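Read the structure below first, then the notes.
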Amino acid sequence: VSRALPLLVSVVLLAGCGGASSTPRASLLVIVNAPFSKTPSLGRAIEDGSRLAAGEVNAAGIRVGDRRYDLRIATMDSALSPARAVADVRRAVGRHAVAIVDEGTGVDASWQIAERAGVPIGVVFEGSENIVDPAKRRNVFRIAPTDHGIAFRLAEYLVPKGLKLALIHDDSDYGTAGGQALAGAFSRNRSAVAIDLTVPADALDLGPQMLRARRARATGVLVWGRPATIAAAITAARTAGWQVPFFTPPTGADPFVRQQLADHPSWVDGLTFASGRLTAEVGTGPFQAFERRLESEYGVERVGVKTRSGRDVIQPPETAMYAYDFVNLVAAAIAKADSTEPAKITAALEQVSVAGANGDSRGFNENNHEGVIDDDVYFARFHDMTYSPVKDDPLSRTLPVVTQLG
Amino acid sequence: MTSLAALAVAAHLVSLPSPLTPLSASPPLAGGAHTSGEGTPHRIAADVEVGVTVDTNGTLVGLRALQRLDVRRIGDYTFTIGAPVTRVLAARGSQSAPGQRTGAILWAGFNPGRRVLAASAELDPSAGAALPLRIERDGDRVILRNTTAITAPAFTADAQSKELLSTLAAFRNGSLLGGRANVTSKVTRTRISVSAPLSVTGSIGGRRVDVVLGGAASPLTRSFPAGAVRLTVRALRAPELLSPPPGESGRALLARTIRASLELARVRQYDTFLGNPDPAGASTTTYRYVTGVRATAPSTAHRKQGRDWLATALWIAGAIVAAGVGAVVWSRS
């Protein structure tokens, strides 16, 4: 008995330890609905940001009542097709997802399917105005610059410069929504507009349209469209020897623009785009720490161009940051709701904030489901294939340069 | 020996109560205001207008607040203004839109140097407990009651006049920094009742009203012939205490200065009905009382939940009528 007692005690203690540490956690499904097949880099950015956040959340798990839960990420390909995006959301609801991280395509139709199940949708790319409406679409949230915010900030920035602008948008969904946002933003300053033009999204040559803009005596060109449209517009202007300044929404910073103009790096110089700020007032530290964690897990996104000194240029992970923040907000909302019921998570999303990847507070509220407010829109200008915040805008001049060299 | 007395005996210097220290948890409502993530603290002047609607008995039937924050200094801001809000909207002149959460108004953005943030909020009636004036009906009279009175710790002693006179002068010039007293006798603890003096102007039943309620020199209540009220209420910065008569003794001056400090603390509380994110910023609150009817519930897009009792009652009444008609028909068939 004297020899058996310590053994018995050890067995009991080990059994106790094992029981505490190996209690399996249930997992809660978060779906990433993005155009993986059509724009893989965008889809991957959303997936990577979501997975990074879920991994960090799962280190401790989410406590609900007496249980702890993990987040499990699964992907679905929307292929930039509203019909496929809607089908994806239907499948996500069928699989009892607690949240959907969405690029934005098809949300106008899919939100109702998700709402019936109480499932929140977090849009992290598409910025068009009517996607988000806290009164009517209580389950739709967004962390991405809005077209409205981008357009009004562009007007605020450009009108005082006294430029006569050619406002050009392409006929893609993105370009059309941007055209509407620009029309609203410049409605009180029509004297700043030399000409409005709609161009085909798939045009390879925009020479005739740029000639019209030049003949309208435009002294600046604001192009709202897909990256290919922006590259085509710049190519047409520079080929014709027109050294007019170009301004764009966030797509101006898409790697595709620089890839297309890689043979003429000087054509990229001076291109100014508006986008959501990457860093908070605390500086670059939090964003760079996020960037390092993302890179160590999933690698860097190379732009595919080099600086004049031959250094590789990398793309800061803006969209991944938004996806990361949304998944963290979902985790905070689950904890706040103390429930895994999607409808309660949706309601709790209006009541929580988290420290975002860039160090800023990120959250929604009952009046506003936008995680990037208009004040967060800044301007950056390219030089030598990398960009830095402009100095002639009150917000932008306070922002540090984010490293973009590999 | 208490530490206070020890201090007095040892150094003859005693700190006076600070006008910056609130004497109760509320106001400001719901813990006041706070900031987060500010790299540069902003300088903020806060102005609040509280709309109080009462019925003919003085019972609160509606409460709203309009807060205007004048924010200075460049940089990001994130403000949380605690309040039991039921609805929040941007008010005229606001350069940004407020957010709303349970128990709070939210502001977040970038201030390019100066930004005016204005929110109009409907408040839960529970916030009425923090109002400075209560209106009561007593037969054919209306009683106005200052509700700001509170008992606060104080002390008495003989004291030198010089420091006390300079503290009172600083108060007259708008300072809210507490002073010190150079005491020359044993310090005796005591408790005193203080209230924020309220200027009440307007009309009751068409008759002009212009009175001060509370403070050190006025009664807390006054009554008037009953009628509809239209009153503006502001807390006064203890004017009855800040100018002592010549030759007042050091002991009396000390008592006056302590009372003034506590009264100013109370005034500051009622001048900050909604919190100011800048603890050192200027705050003013004006309360407007009117007789009216219960405000209609704000329309919301939220789907109505639960049973519709009116419809249920109509269904029951309809069923009873139908049953009665049926019974009559049956009895005659």
Side-chain angles (χ1 to χ4, degrees), chain A residues 115-116 118 133-139 148-149 152-153 156-157 276-277 279-283 285-286 333 336-337 343 346-356 358-378 392-400, chain B residues 30 34-42 71-91 94-122 124 277 298-305:
Chain A
E115 194 204 30
R116 281 196 285 274
D133 182 342
K136 293 178 181 161
R137 302 180 177 187
R138 290 201 61 212
N139 64 322
H148 174 273
F152 274 81
R153 286 282 285 134
E156 187 177 70
Y157 179 60
R277 59 193 287 184
T279 57
E281 200 169 50
V282 294
K336 169 87 175 175
T346 295
L349 272 168
E350 293 179 332
Q351 305 295 336
V352 295
S353 293
V354 297
N358 69 0
D360 235 345
S361 175
R362 192 83 77 184
F364 312 106
N365 63 72
E366 294 166 32
N367 285 358
N368 192 349
H369 286 191
E370 300 283 3
V372 177
I373 56 176
D374 294 359
D375 279 355
D376 286 337
V377 174
Y378 83 115
D392 54 353
D393 170 67
L395 168 65
S396 308
R397 71 166 163 259
T398 67
L399 301 177
Chain B
H34 66 266
T35 66
S36 58
E38 274 191 310
T40 308
H42 297 279
V71 186
R72 308 294 178 106
R73 289 189 184 169
I74 193 167
D76 293 346
Y77 60 86
T78 303
F79 304 144
T80 303
I81 315 292
V85 291
T86 57
R87 193 182 195 203
V88 178
L89 297 170
S94 184
Q95 293 173 294
S96 184
Q100 176 184 345
R101 279 192 184 156
T102 303
I105 303 168
L106 306 181
W107 294 103
F110 173 77
N111 180 10
R114 182 181 182 190
R115 181 153 282 198
V116 173
L117 308 175
S120 172
E122 290 178 11
D124 185 90
S299 63
T300 69
H302 296 207
R303 195 173 294 130
K304 193 174 179 182
Q305 299 287 329

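Since we're looking at a predicted model, the values are computed, not measured. Chain naming here is simple, since letters A, B, ... match the order of the sequence lines and numbering starts at 1 in each.
The contact between Leu395(A) and chain B is made by backbone and side chain atoms together, counting heavy-atom distances below 4.5 Å. With a 4.5 angstrom heavy-atom cutoff, Val352(A) touches chain B only via backbone atoms.
Ala347(A) pairs by the side chain to side chain contact (heavy atoms under 4.5 Å, CB included) definition with nothing, not counting sequence neighbours. Applying the side chain to side chain donor-acceptor pair (under 3.5 Å) test to Gln95(B) and every residue at least two apart in sequence or in another chain returns nothing.
The CD1 atom of Ile74(B) sits 5.5 Å away from atom CZ of Arg397(A), with the distance rounded to the nearest 0.5 Å. Note that CG of Asp375(A) and OH of Tyr77(B) are 5.0 Å apart. Values are rounded to the nearest 0.5 Å.
The main-chain N or O of Pro98(B) is found under 3.5 Å from a side-chain atom of Asn367(A) such that the two form a donor-acceptor pair.
Between Pro134(A) and Gln100(B) there is no side-chain heavy-atom pair separated by less than 4.5 Å. Residues Glu366(A) and Thr102(B) meet the side-chain proximity criterion, which asks for heavy atoms closer than 4.5 Å.
Taking all atoms of both residues into account, the shortest heavy-atom contact from Arg101(B) to Gln351(A) is CB-OE1, 3.3 Å.
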